[in-house]
Amino acid sequence: MLLANVLGKLNADQFPHDPIAAGGALTVVGAMIVIPVLLTYFKRWGWLWNNWLTSLDHKKIGIMYLLVSGIMLLRGVADALMMRTQQAVSTGANSGILDAEHFQQVFSAHGSIMIFFVGMGFMFGIINVILPQQIGSRDVAFPFLNSVSFWLFAAGAILMNVSLVVGEFSSAGWLAYPPLSELKFSPGVGVDYWIWSLQIAGVGSLLSGINFFTTIIKMRAAGMTLMKMPMFAWSVLGSMALVITAFPILTVTLALLALDRSLGMHFFTTDGGGNAMMYINLIWAWGHPEVYILILPAFGIFSEIVATFSRKRLFGYTSMVWAIGAIVFLSFTVWLHHFFTMGAGADVNSFFGIMTMVISIPTGVKIFNWLFTMYRGRIRLATPMLWFLGFVVTFTIGGVFGVLLSVPPADFQLHNSLFLVAHFHTMIIGGVLFGYFAGLTYWFPKIFGFKLNERLGKYAFWFWLSGFVLAFVPLYILGLMGATRRLNHYDASLGWQGLFIVAAVGVVLVCIGIFFQVLQLVVSFLLRKNHTDMTGDPWNARTLEWSTASPSPVYNFAVLPTVRDRDEFWEMKQRKESLKQPKYEAIELPKNSPFGLYIAIAAGVFGFAVIWQIVWLIPIALLAVIALIIVRSSDTDTEYRISAAQVAAIEAARPRGQVV
């Protein structure tokens, strides 16, 4: 009895017994044991603490985002492989490898991981590393807030993976619609894990949105007006505007669902006077802008890549800026197309159908502008450009089917089918993931100082592209045949198994593509001396981040640049000018701080305590978060100085290649 009072609902029965779930738990626990052992053996604890865990350097924070997102990508793809394997074999008398409950948990985890911890993580990782350098800044507007944002993101990811070890994950879908997510139908802790992992990570994302929006508005180099910003910076500005306006909706929605489950309130429970459809309206009022939050920076990445590898100025710059503005505005006018079947009426459905068609126009403008940029350009088909071309094919296909789904009568027939699943994945994988893979390949030498192996990168691309086609084209057909999402078993007489097998083969090819990406990283690291970037500008690029060394020094720019042209670095190279001046000044940068990590640990403990109703721990963890924020806010010694002589010495030791 005493133990129950101390640990709330947590007891020995909450540990996994299913073989597959137990395997996942052992993997997590094994990693938790092996990593500290290796750090101790190689005596790297001090290095890890001083150089990474407490760092406020935006570039290192970006790399940590990319690392966490890469790990979560592996788990998300493993979930996809399990689902497609289940659907390929679970027909007729064969029940497959997963029971129905476990399948729904895997389904829910896959969607949540890929959106919140893969897409968002890759996005913030690349923005962290590149954006300040691209706008000629030494740092982000709020360095400590940047650290807090990352560690809250990491805490949410860890909390989601803790569900593998103790308890369970939600089986209510990746957006947890009520009444299924209400306590009556999901009495376990799965939905609570979903709520608090997303809530903690979501607060981190909101803080990042505020930080990067402010950075773009206030931290641009002298002379860089808004209409001289690189297109990537514009795309981030649009995306962060959406983060600031959309993520509070998610925060409130999750809080209301948590109150329903924890304190017996009835915001969304129909029998208590609530309205489940209000939840669905709220979650998609956040959810559809979220699609554009993820894809706008990918659009910006493609703009930089196409201009660089076509050796041409970006075509239609002004129209692309206006297209971003149109997408930001229109993204809040289309959320209801996710549930045309709710019975809102023909007038409401017509409005949202028309708006859905309209929002495809600015996206089409971008596609044509990229193609016109390539027209008569000297195109180099390096790996980043291949990812772009793969995007054009897949995204165009997905966009055409998206316009079809914007027609309410068609959506009535295809709603909740695998046709919709195929469309969504075509947009997110073909748009978001391909965009961030292109960006990582493109900016990798800027981040780490050496280029990735091109041959292995191309192998990875072709396996990804072919696997993607095999994995999702059959789903369009299955959706037309009546197959619904969340389907873990079906009758053999329906004739669906062959298409599900093809889809499973596609996921296997995607896994081979990921294998080549991992192999590419390993081989490139081992042979990095053969591919070291001595110039800072290995692609002969156009924007300011390429004017610094590779990898960039901690201060980014020894002398802050003055911008006179949109493609400032390209124009400077044509004029044979240099960004550097012989006289250096002292530079102030933020000191390392462990408080971002401490705040995230306390927030994670708070989430875990709420999930398991460990009543005594909830106020302690919450007070710890508040106290840590107050203590950090009271610290006035937060910066250190690099003297002019030290800057000069660092710059003198820098390898010199092209005009910089």
Side-chain angles (χ1 to χ4, degrees), residues 1-15 100-101 104-105 107-109 111-112 116 152 155-156 159-160 162-163 166-203 206 247-287 339 342 486 602-626:
M1 179 65 69
L2 179 61
L3 188 62
N5 292 334
V6 171
L7 297 181
K9 297 192 296 182
L10 185 60
N11 56 61
D13 294 334
Q14 302 299 331
F15 292 92
E101 176 70 16
Q104 300 303 329
Q105 290 184 34
F107 167 86
S108 304
S112 303
F116 288 94
L152 288 176
L159 194 59
M160 179 171 282
V162 167
S163 67
V166 54
E168 61 184 10
F169 195 67
S170 170
S171 58
W174 76 278
L175 286 182
Y177 287 179
L180 186 57
S181 57
E182 292 284 349
L183 202 58
K184 180 178 180 180
F185 297 101
S186 296
V189 296
V191 174
D192 300 304
Y193 267 116
W194 180 85
I195 290 172
W196 289 103
S197 59
L198 268 57
Q199 188 74 291
I200 292 169
V203 171
L206 177 59
F247 264 80
I249 301 174
L250 176 68
T251 301
V252 171
T253 306
L254 294 178
L256 295 178
L257 182 60
L259 289 172
D260 274 11
R261 292 181 56 83
S262 301
L263 298 181
M265 297 188 180
H266 300 286
F267 293 104
F268 308 122
T269 50
T270 305
D271 56 356
N275 187 345
M277 287 310 305
M278 182 57 65
Y279 176 93
I280 298 174
N281 273 277
L282 287 171
I283 204 71
W284 280 115
W286 159 82
F339 45 101
M342 72 178 249
R486 309 190 189 193
V605 171
F606 172 80
F608 186 83
V610 173
I611 290 167
W612 290 103
Q613 298 181 8
I614 306 175
V615 178
W616 61 271
L617 188 56
I618 294 173
I620 293 175
L622 183 59
L623 289 173
V625 171
I626 297 170

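Shown here is M278, whose CE atom has no more than 12 heavy atoms of other residues, nucleotides or ligands within 6.0 Å.
Note that CG of L198 is 11.0 Å distant from CG of L257, once rounded to the nearest 0.5 Å. Note that CG of L175 is 9.0 Å distant from CG of L250, once rounded to the nearest 0.5 Å. The CG atom of L180 sits 8.0 Å away from the CZ atom of F185 when rounded to the nearest 0.5 Å. For the atom pair CG of L254 and CD1 of I200, the computed distance is 11.0 Å after rounding to the nearest 0.5 Å. The CG atom of L256 sits 5.0 Å away from the CZ atom of F267 when rounded to the nearest 0.5 Å. To the nearest 0.5 Å, atoms CG (L622) and CD1 (I620) are separated by 11.0 Å.
Just one residue in the list E101, Q104, R486, Q105 forms a side chain to side chain donor-acceptor pair (under 3.5 Å) with S171, and that residue is E101.
When the side-chain contact (heavy atoms from CB on, under 4.5 Å) test is applied to S108, the partners found at least two apart in sequence or on another chain are F169, S170. In this structure, the salt bridge (Lys or Arg N to Asp or Glu O under 4.0 Å) partners of D192, at least two apart in sequence or on a different chain, are R261.
Screening residues 275-284 for side-chain hydrogen bond (donor to acceptor under 3.5 Å, both in side chains) gives Y177-W284, N281-W335 as the qualifying pairs, with residues at least two apart or on separate chains.
Between the side chain of S197 and the main chain of W194, a donor-acceptor pair closer than 3.5 Å is present. Without hydrogens or angle criteria, S163 side chain to M160 main chain gives a donor-acceptor distance under 3.5 Å.
Considering only heavy atoms from C-beta on, V166 comes within 4.5 Å of Y193 through its side chain. Counting heavy atoms from C-beta on, the side chains of F268 and E182 come closer than 4.5 Å. Side-chain contact between P178 and T269: absent, with no pair of heavy atoms (C-beta onward) separated by less than 4.5 Å. The closest side-chain heavy-atom distance from I195 to V191 is below 4.5 Å. Under the 4.5 Å side-chain criterion, counting only non-hydrogen atoms from C-beta, I611 is in contact with L159.
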Note to self: For a side chain to side chain contact (heavy atoms under 4.5 Å, CB included) check, start with the C-alpha distance between V605 and L617, then their side-chain angles and the critical distance, and finish with the verdict.
What the structure shows: CA-CA 8 Å; V605 171; L617 188 56; 3.7 Å; yes

Margin query: F608 vs I614, test: side chain to side chain contact (heavy atoms under 4.5 Å, CB included). Steps then yes/no.
Written below: CA-CA 8 Å; F608 186 83; I614 306 175; 4.2 Å; yes

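Using the six-membered ring where Trp is involved, F116 and W286 have ring planes that are parallel, under 30° apart on the 30 and 60° scheme.
Of all non-hydrogen atoms in I618 and A609, the two that sit nearest each other are CG1-CB, 3.7 Å. In this structure, A603 and L152 approach most closely via the heavy-atom pair CB-CD2, 3.9 Å. Nearest heavy-atom pair, S186 versus S181, reported as atom, atom and distance to 0.1 Å: OG-CA, 4.1 Å. Of all the heavy atoms in W196 and A258, the pair that sits closest is CZ2-CB, 4.1 Å. Across all non-hydrogen atoms, the minimal contact from L206 to P248 is CD1-CD, 4.0 Å. Smallest separation of non-hydrogen atoms from G167 and V189: CA-CG2, 4.1 Å.
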